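Contents: one structure, followed by commentary.
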Protein chains: 2
Amino acid sequence: MIKKADLAPPPAELPGEAVQARRFEKARSAQASAVLEDYVELIDDLLANGGEARPTDIARRLGVTHATAIKTITRLKREGLATSKLYRGVFLTPEGHGLADRVRARHRLVVDLLRAVGVPEQCAELDAEGIEHHVSDAALDAFARFLKGWGPLP
Amino acid sequence: MIKKADLAPPPAELPGEAVQARRFEKARSAQASAVLEDYVELIDDLLANGGEARPTDIARRLGVTHATAIKTITRLKREGLATSKLYRGVFLTPEGHGLADRVRARHRLVVDLLRAVGVPEQCAELDAEGIEHHVSDAALDAFARFLKGWGPLP
DNA sequence: ATTAAAATGTAGCATAGGCTACAAAAAATC
DNA sequence: GATTTTTTGTAGCCTATGCTACATTTTAAT
Ligand SMILES: [Mn+2]
Ligand SMILES: [Mn+2]
Ligand SMILES: [Mn+2]
Ligand SMILES: [Mn+2]
């Protein structure tokens, strides 16, 4: 019961495949949290500024219908990131608030880095909204170090 | 029939909301093409190197089951990016091949930029797999200009 | 107080992308 | 040529995220 692979072991080709597969898996996992991250950041903004984060406000800022927003808010509550009182808006749990802070800091750092390497401001804001969810902590560290030796943005 | 909003028009607050909504919409749209982009790039790689891009190969490299890969390949064909012959693997249409070339160039540029600002190589490869799908052409131009005045990577 | 408007919630539908399990066909091995 | 392994395809299920349409409740205006 000798198989071809036993006779001719390809020179470490399978590890290469596995590494690539892990890259894609990581990107998929990052994407799965992207929506929740945007929601908590937005809710935190609304609470800090206007004081209220109602489903309709959230929906309008995200560009989705209120039905969609309500469904995702249900998921936020299920995952322990938010609470809500009927007709009193949405609130963040301590976990949700902590996540919002990290997400906001990351968002800003990404925008700043894009601008530092010459991306126009409008474009940096646009692209960062999607990019941010895929930037690891290690990359963020590098971004911060890079910006330190860069001075204020032009 | 005068409403509150008519009497007290908030100072250009609605535009701000609309701009933010457009950012999120753009990120959602970019995400919708992400999977297709990764497939065509991978298929093109397999065809260029080994000569064959079978569903099983594609599935293994992506880290998904073959059933999932086959379903997405069906979508690639539906969208005019690929064709396939039974037990002969998957091929790219001219459109698919063009997309693969653009996606590969973008992927490389993103990795190079990350490394240029100090992100460790492994980390750059990991993060780029998700980031790439959200980098606009304008940002790519900026990346290329930045790298030009940077010399070879350390 | 009545009425109109806005906000909220729910139900039902669609697509995308995962998965397992089963079935059939082709390729490789013996 | 027969058997085993690999590949492919299909069916059915799940979750996430959109949507529209309808019903209800609260808030605002008259
Ligand atoms: Mn975002
Ligand atoms: Mn953001
Ligand atoms: Mn990718
Ligand atoms: Mn890629």
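Keep in mind it's a predicted model, so treat the numbers as computed, not measured. In what follows, every chain begins at residue 1, and chains take the letters A, B, ... in the order their sequences are listed.
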Interatomic distance, B:Arg60 CZ vs D:dT8 C1' [rounded to whole Å]: 14 Å
From B:Thr93 atom OG1 to B:Glu79 atom CD, the distance as rounded to the nearest 0.5 Å: 11.0 Å
Separation of atom CD in B:Glu52 from atom P in C:dA27, rounded to whole Å: 10 Å
A:His66 side chain, from C-beta outward: closest of C:dT10, D:dT7, D:dA11: C:dT10
A:Ile73 CD1 to D:dT17 P, straight-line distance once rounded to whole Å: 13 Å
Per B:Arg75 side chain, nearest of listed nucleotides C:dT8, C:dG17, C:dA25: C:dG17
Pair B:Glu37-B:Arg102, salt bridge (charged side-chain N to carboxylate O under 4.0 Å, His left out): steps then yes or no: CA-CA 9 Å; B:Glu37 291 177 352; B:Arg102 290 193 300 277; over 6 Å; no
N or O in side chain of A:Thr68 less than 4.0 angstrom from D:dT17 OP1/OP2: no
Residues A:Arg106, A:Asp137: salt bridge by 4.0 Å N-O rule: no
Whole angstrom value for the distance that separates P of D:dT7 from NZ of B:Lys71: 21 Å
Side chain of B:Pro55 (C-beta onward), nearest among C:dT8, D:dT8, D:dT20: D:dT8
A:Gln122 atom CD, neighbour heavy-atom count above 12 within 6.0 Å: no
Touch class at under 4.0 angstrom, heavy-atom based, for A:Thr65 against every strand present: base
Phosphate OP1/OP2 of C:dA16 contacted by B:Thr72 side-chain N/O (<4.0 Å): no
A:Glu79 CD - D:dT17 C1' separation (whole Å): 14 Å
Distance in Å, B:Arg88 CZ paired with B:Thr83 OG1, rounded so as to fall on 0.5 Å steps: 13.5 Å
Atom pair distance, as rounded to whole Å: OH in A:Tyr87 and C1' in D:dT26: 5 Å
Spacing of A:Gln31 atom CD relative to D:dT15 atom C1', expressed in whole Å: 15 Å
B:Arg28 vs D:dT17: side-chain N/O to OP1/OP2 distance below 4.0 Å: no
Side-chain N,O (A:Arg54) to OP1/OP2 (C:dG9) below 4.0 Å: no
Atom-to-atom span, CD1 of B:Ile70 to C1' of D:dT6 - whole angstrom: 13 Å
Nearest-nucleotide 5' precedence on DNA chain C, B:Gly63 against B:Arg78: B:Arg78
